[in-house]
Amino acid sequence: MAVSAKPAAARPAEDLREAMCPHRLVLEHVTSRWGVLVLLALMERSFRFSELRRHVGRVSEKMLAQTLQTLERDGFVLRDAKPVIPPRVDYSLTPLGREAAERVRALAEWTGVRMEQVQEARAAYDTAREAKPAS
């Protein structure tokens, strides 16, 4: 990533967004619906593909394969293919993946702790929207 000589405040907003693209992409991978669930599952132990799919639940084979490939490419997941018959492939976290998963877990735990407040906010929002006359 190239670093501009101008201070961040002097650069146009478009330049800042462009510079953040690689970071945003990794953030999207880690915080995607399936990315979060895969990282959290792999914190427990390594899994074979079908085991992981059952553990995560409601994920298609295609989406799980794409998620695992993306996380592997980013250096978060290790794919260990064993040369046996039938083929055996195990997925586990790399040290970088474990660090990312720990941070994702903290966010997941926070949402669990704050869920009641979120539900209250949603109810208040919905009530206010229902009471508002249509324009």
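Please read all numbers here as calculations on a predicted model, not as lab measurements.
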Would you be so kind as to tabulate the donor-acceptor pairs closer than 3.5 Å made by side chains of residues 66-75, with sequence neighbours excluded?
residue	atom	partner	partner atom	Å
Thr67	OG1	Met63	O	2.8
Thr70	OG1	Gln66	O	2.9
Asp74	OD2	His29	ND1	2.4

**Request:** To the nearest 0.5 angstrom, please state how far the CD atom of Glu120 sits from the CE atom of Met115.
**Result:**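 It is 10.5 Å, given to the nearest 0.5 Å.
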
Is it true that Glu99 and Arg103 make a salt bridge, defined as a side-chain N closer than 4.0 Å to a carboxylate O?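 Yes.
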
For a quick test of your reading: what N or O donor-acceptor pairs under 3.5 Å do the side chains of residues 39-52 make, sequence neighbours left out?
residue	atom	partner	partner atom	Å
Glu44	OE2	His55	NE2	3.4
Glu51	OE1	Arg48	N	2.8

Should [X] and [Y] be regarded as members of a common hydrophobic cluster, given that ILVMFWY residues are connected when their side-chain heavy atoms come within less than 4.5 Å of each other, either directly or indirectly?
| X | Y | value |
| --- | --- | --- |
| Val36 | Val30 | yes |
| Leu78 | Val56 | no |
| Leu96 | Leu93 | yes |

Heavy-atom count check: over 12 atoms from other residues, nucleotides or ligands less than 6.0 Å from Lys82 NZ?
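Buried by this count: over 12 neighbours within 6.0 Å.
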
**Asked** Can you list the residues that meet the side-chain hydrogen bond (donor to acceptor under 3.5 Å, both in side chains) rule with Arg105, with sequence neighbours excluded?
**Response**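 Residues passing side-chain hydrogen bond (donor to acceptor under 3.5 Å, both in side chains) with Arg105: none at all.
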
Any idea which heavy atoms bring Gly57 and Trp34 closest together, and the distance?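 Looking at all heavy atoms of both residues, the closest pair is O-CZ3, 3.5 Å.
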
| When you look at Trp110 and Leu107, which way does the side-chain contact (heavy atoms from CB on, under 4.5 Å) test go after all the steps? | CA-CA 5 Å; Trp110 177 85; Leu107 180 59; 4.2 Å; yes

